[in-house]
Amino acid sequence: MDILALNGKAWEEKARRKNPWTVPVDHEIIARARRGDWSIMLTASRPAPRAWFPPVKDKNILCLASGGGQQGPVLAAAGADVTVLDLSEAQLERDRAVARREGLEIRTVLSSMTDLCMFADNYFDIIVHPVSNLFIPHIQPVWNEAFRVLKKGGVLMSGFMNPAFYLFDWELQEQDILQVSHPLPYSDLDYRSMEELAQDHEAAEFGHSLEEQIQGQLAAGFVLTALYEDTFGGTRLPDRFFPSFLATRAVKLQRASSY
């Protein structure tokens with residue numbers, strides 16, 4: 001079993017257990033989006049600023065590694081032409097279910113976030129990429145492919161983990177203790193085998209450096225225009241001390257550079 005297969009199966013199980021990121025939006029949220037009153041999440045608790053979005057009506061939007069019936073249906077109800085790409089068929093079915101329920105048009109694609117070969121160059125106006133690149137070991141291909149499929153002037157909005165989140169002992173956090181235990185960059189595979197993770201229906205996580213996250217976007221050719229931080233909304237111990245998430249807004253303005 002490779003990492004993509006492991007994590008794809010883990011998200012099938014997360015969907016079965018109704019993880020919060022697998023619960024589709026309800027009818028009222030779609031109704032408000034149709035009236036122009038909408039927001040989406042890139043991180044855990046803070047909505048992405050509406051000022052980050054150009055007008056979305058009739059725009060081609062890719063929701064990248066963003067299944068679950070949340071961001072895609074909202075943007076489709078707001079008038080966008082939406083494609084949702086995800087590694088989990090169960091997550092994509094959440095988007096299709098909302099589309100059927102609400103009479104929306106949403107295209108779904110089963111693939112890794114690192115492989116957008118099914119899309120032509122310069123195709124999308126906007127890419128929405130909520131927290132998800134923690135589930136792959138190497139993220140530069142994500143930034144490179146996002147740059148390729150975006151039109152000139154297109155916008156990439158990404159949420160990702162603050163690498164500091166991975167410093168601390170997981171079990172001690174349950175006892176209200178933050179103890180530094182893990183060197184960075186973090187990999188679950190340094191502490192558990194893929195077989196152990198598969199047995200527990202857990203996805204492998206990777207704590208990427210800020211250099212990989214931010215310089216990686218710059219190296220792909222993007223220009224960063226905005227950033228914000230976020231927490232778990234007060235539900236996790238790290239929230240008392242530091243933000244566990246960041247989100248960036250980047251624009252494609254030039255030819256990609258080499259990394």
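Everything numeric in this text was worked out from a predicted model, so none of it was measured. Below, all heavy atoms of this structure are taken into account, side chains as well, without hydrogens, waters or symmetry copies.
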Checking the side chain of [X] only, and the main-chain atoms of [Y] only, is there a donor and an acceptor separated by less than 3.5 Å?
| X | Y | answer |
| --- | --- | --- |
| N60 | F124 | no |
| D95 | G69 | yes |
| Q173 | W170 | no |
| H182 | Y166 | yes |
| W143 | E212 | yes |
| D230 | L246 | no |
| D200 | E202 | no |
| T235 | G233 | no |
| Q70 | V23 | yes |
| R249 | W52 | yes |

Close side-chain approach of [X] to [Y], heavy-atom, < 4.5 Å:
| X | Y | value |
| --- | --- | --- |
| D176 | R240 | yes |
| I3 | M194 | yes |
| F206 | H208 | yes |

Electrostatic pair [X]:[Y] at N-O distance under 4.0 angstrom:
| X | Y | value |
| --- | --- | --- |
| E12 | R16 | no |
| R34 | E102 | yes |
| D125 | K252 | no |
| R35 | E28 | yes |

*Indicate if M113 and L150 have the same hydrophobic cluster label, given that clusters are the connected sets of ILVMFWY residues with side-chain heavy-atom separations under 4.5 angstrom.*
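Yes; tracing contacts between hydrophobic side chains, which count when under 4.5 Å, links both residues.
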For [X] and [Y], which heavy atoms make the closest approach, and how far apart are they?
| X | Y | answer |
| --- | --- | --- |
| L87 | L110 | O-CD1, 3.4 Å |
| I126 | P54 | CD1-CG, 3.7 Å |
| L253 | K152 | O-CE, 3.7 Å |
| R94 | A15 | NH2-O, 2.8 Å |
| N7 | A203 | OD1-CA, 3.2 Å |
| P141 | T114 | CB-CB, 4.1 Å |

_Counting neighbours of NZ on K59 that are heavy atoms of other residues, nucleotides or ligands and sit closer than 6.0 Å, is the number greater than 12?_
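Result for NZ/K59: open.
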*Applying side-chain contact (heavy atoms from CB on, under 4.5 Å), run through T248 and Q217 and close with a yes or a no.*
CA-CA 10 Å; T248 54; Q217 293 183 57; 3.1 Å; yes
*Do any pairs count as a salt bridge (Lys or Arg N to Asp or Glu O under 4.0 Å) and have a residue in residues 111-123, sequence neighbours left out, and if so which ones?*
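Sorted result for residues 111-123: D121-R148.
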*Test side-chain contact (heavy atoms from CB on, under 4.5 Å) applied to T43 and Y228, step by step*: CA-CA 10 Å; T43 53; Y228 67 86; 3.8 Å; yes
*F232/F165 aromatic ring centres below 6.0 Å*: yes
*Are F245 and F160 an aromatic pair by the rule of ring centers under 6.0 Å?*
no
_Using the rule side chain to side chain contact (heavy atoms under 4.5 Å, CB included), only one of V128, T83, L116 pairs with L64; which is it?_
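The side chain to side chain contact (heavy atoms under 4.5 Å, CB included) with L64 is passed solely by L116 among V128, T83, L116.
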*Where do Q71 and L42 land on the side-chain contact (heavy atoms from CB on, under 4.5 Å) test, with the steps shown first?*
CA-CA 9 Å; Q71 294 87 3; L42 296 172; over 6 Å; no
*Could you walk me through whether L227 and I214 pass the side-chain contact (heavy atoms from CB on, under 4.5 Å) check?*
CA-CA 10 Å; L227 177 151; I214 295 177; 4.2 Å; yes
*In Å, rounded to the nearest 0.5 Å, how long is the span from CG of D26 to CD1 of I29?*
4.5 Å
